[in-house]
Enquirer: 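I'd like to ask some things about the structure below.
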Amino acid sequence: MMEQDILESQPGLQVDHESRASFRDAAKWGNFISVVYLVCFGLFTLVLLMAAPILFSGNVPAEYEGVRVEQGDPLMRVGQIVMLVFFLIYAGIMLFRFASSCRKGVETQDQRTFNLGLRALRNYFVVTAIYTGIRVLLDLVTLTT
């Protein structure tokens, strides 16, 4: 209890001018990448809606008769699509939260807002690592079968 009071009364890490500039730049890039994620989600959704009859029925139109279509487990494909959609949306939102909170926290020198931005960035990295790990495992399973 007393140790916590001492830690709260003393200022911790200070963000200097150079760090502020770096965080502003990181926020700009985070904002740009979050928009790219959300645009990719929109484009992916359009392509999925157009290709859904072919992907899920296995019926190939006559003009694609010579093209080899991998016949995999439809449930596996649906799972991968759901995972990708979740990742694109969540990653886009977390990067946008990081960019807006971090920029606002640096400009107003509000520690709480700045910390919210860093927490969103941490969440983005956690979800990216989990998605990448699952994706690698699924690809390894696909390669071995």
Side-chain angles (χ1 to χ4, degrees), residues 1-58 60-61 64 67-145:
M1 176 75 174
M2 185 164 177
E3 190 175 310
Q4 184 178 3
D5 292 337
I6 293 171
L7 288 176
E8 288 178 3
S9 67
Q10 295 176 350
L13 182 65
Q14 298 293 319
V15 179
D16 61 1
H17 179 69
E18 185 178 341
S19 298
R20 281 190 191 102
S22 294
F23 277 114
R24 268 191 230 109
D25 288 345
K28 287 177 188 175
W29 279 106
N31 209 7
F32 172 74
I33 294 170
S34 71
V35 169
V36 169
Y37 275 142
L38 295 175
V39 167
C40 285
F41 166 70
L43 291 173
F44 179 75
T45 303
L46 287 174
V47 168
L48 185 63
L49 289 174
M50 292 187 303
I54 296 171
L55 288 174
F56 298 113
S57 70
V60 180
Y64 296 111
V67 178
R68 184 171 175 246
V69 177
E70 290 292 325
Q71 295 297 325
D73 182 16
L75 189 58
M76 178 78 95
R77 277 187 275 183
V78 170
Q80 290 174 349
I81 290 169
V82 167
M83 247 180 35
L84 180 63
V85 166
F86 171 76
F87 172 74
L88 288 173
I89 291 172
Y90 191 78
I93 290 171
M94 285 297 105
L95 275 178
F96 183 76
R97 275 189 185 168
F98 158 71
S100 60
S101 295
C102 192
R103 182 182 42 76
K104 185 178 177 183
V106 166
E107 288 173 358
T108 62
Q109 295 186 0
D110 180 13
Q111 188 68 42
R112 185 173 178 273
T113 306
F114 181 73
N115 289 345
L116 286 174
L118 291 180
R119 191 172 305 127
L121 185 63
R122 183 202 63 200
N123 291 342
Y124 165 76
F125 284 128
V126 167
V127 168
T128 301
I130 291 170
Y131 174 76
T132 303
I134 292 171
R135 212 37 240 182
V136 166
L137 287 174
L138 289 174
D139 289 343
L140 287 174
V141 167
T142 305
L143 284 175
T144 58
T145 56

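Being a predicted model, the structure only gives us computed values, none of them experimental.
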Enquirer: Which word best sums up how the rings of Tyr37 and Phe87 line up, parallel for under 30°, tilted for 30 to 60°, or perpendicular for over 60°?
Expert: perpendicular
Enquirer: Between Thr132 (side chain only) and Ala129 (backbone N and O only), is there a donor and an acceptor less than 3.5 Å apart?
Expert: no
Enquirer: At their closest point, which heavy atom of Thr113 faces which heavy atom of Gly105, and how far apart are they?
Expert: CG2-N, 3.9 Å
Enquirer: What pairs of residues pass the salt bridge (charged side-chain N to carboxylate O under 4.0 Å, His left out) test when at least one of them lies in residues 108-122, not counting sequence neighbours?
Expert: none
Enquirer: Tell me whether Phe114 at atom CZ has more than 12 heavy atoms from other residues, nucleotides or ligands lying less than 6.0 Å away.
Expert: yes
Enquirer: Taking the side chain from Thr144 and the backbone from Val141, do they hold a donor-acceptor pair closer than 3.5 Å?
Expert: yes
Enquirer: Within this structure, what is the CG-CD1 distance for the pair Leu84 and Ile89, rounded to the nearest 0.5 Å?
Expert: 9.5 Å
Enquirer: Would you give the length of the straight line joining atom NE2 of His17 to atom OG of Ser22, rounded to the nearest 0.5 angstrom?
Expert: 9.5 Å
Enquirer: Could you state the interatomic distance from OG1 (Thr128) to CG (Leu95), rounded to the nearest 0.5 Å?
Expert: 7.5 Å
Enquirer: Locate the shortest heavy-atom distance separating Gly92 from Ser34; write the atom from each residue and the value.
Expert: O-CB, 3.2 Å
Enquirer: Return yes if a side-chain donor-acceptor contact under 3.5 Å exists between Asp16 and Ser19, otherwise no.
Expert: yes
Enquirer: Mind checking the CZ-CD1 spacing from Phe98 to Ile33? Nearest 0.5 Å is all I need.
Expert: 9.5 Å
Enquirer: Answer whether the closest heavy-atom distance between the side chains of Met94 and Val127 falls below 4.5 Å.
Expert: no
Enquirer: When rounded to the nearest 0.5 angstrom, what distance separates CZ in Phe41 from CG in Leu88?
Expert: 7.5 Å
Enquirer: Going from OG1 on Thr45 to CE on Met50, what distance comes out if it is rounded to the nearest 0.5 angstrom?
Expert: 11.0 Å
Enquirer: Hey, does Val47 have a side-chain heavy atom less than 4.5 Å from the side chain of Leu43?
Expert: no
Enquirer: Which pair of non-hydrogen atoms, one from Ala27 and one from Ala99, has the smallest distance, and what is that distance?
Expert: O-CB, 3.1 Å
Enquirer: Answer yes or no: are there more than 12 heavy-atom neighbours, outside Phe32 itself, under 6.0 Å from its atom CZ?
Expert: no
Enquirer: Contact between Met83 and Leu138 at the side-chain level, heavy atoms closer than 4.5 Å - yes or no?
Expert: yes
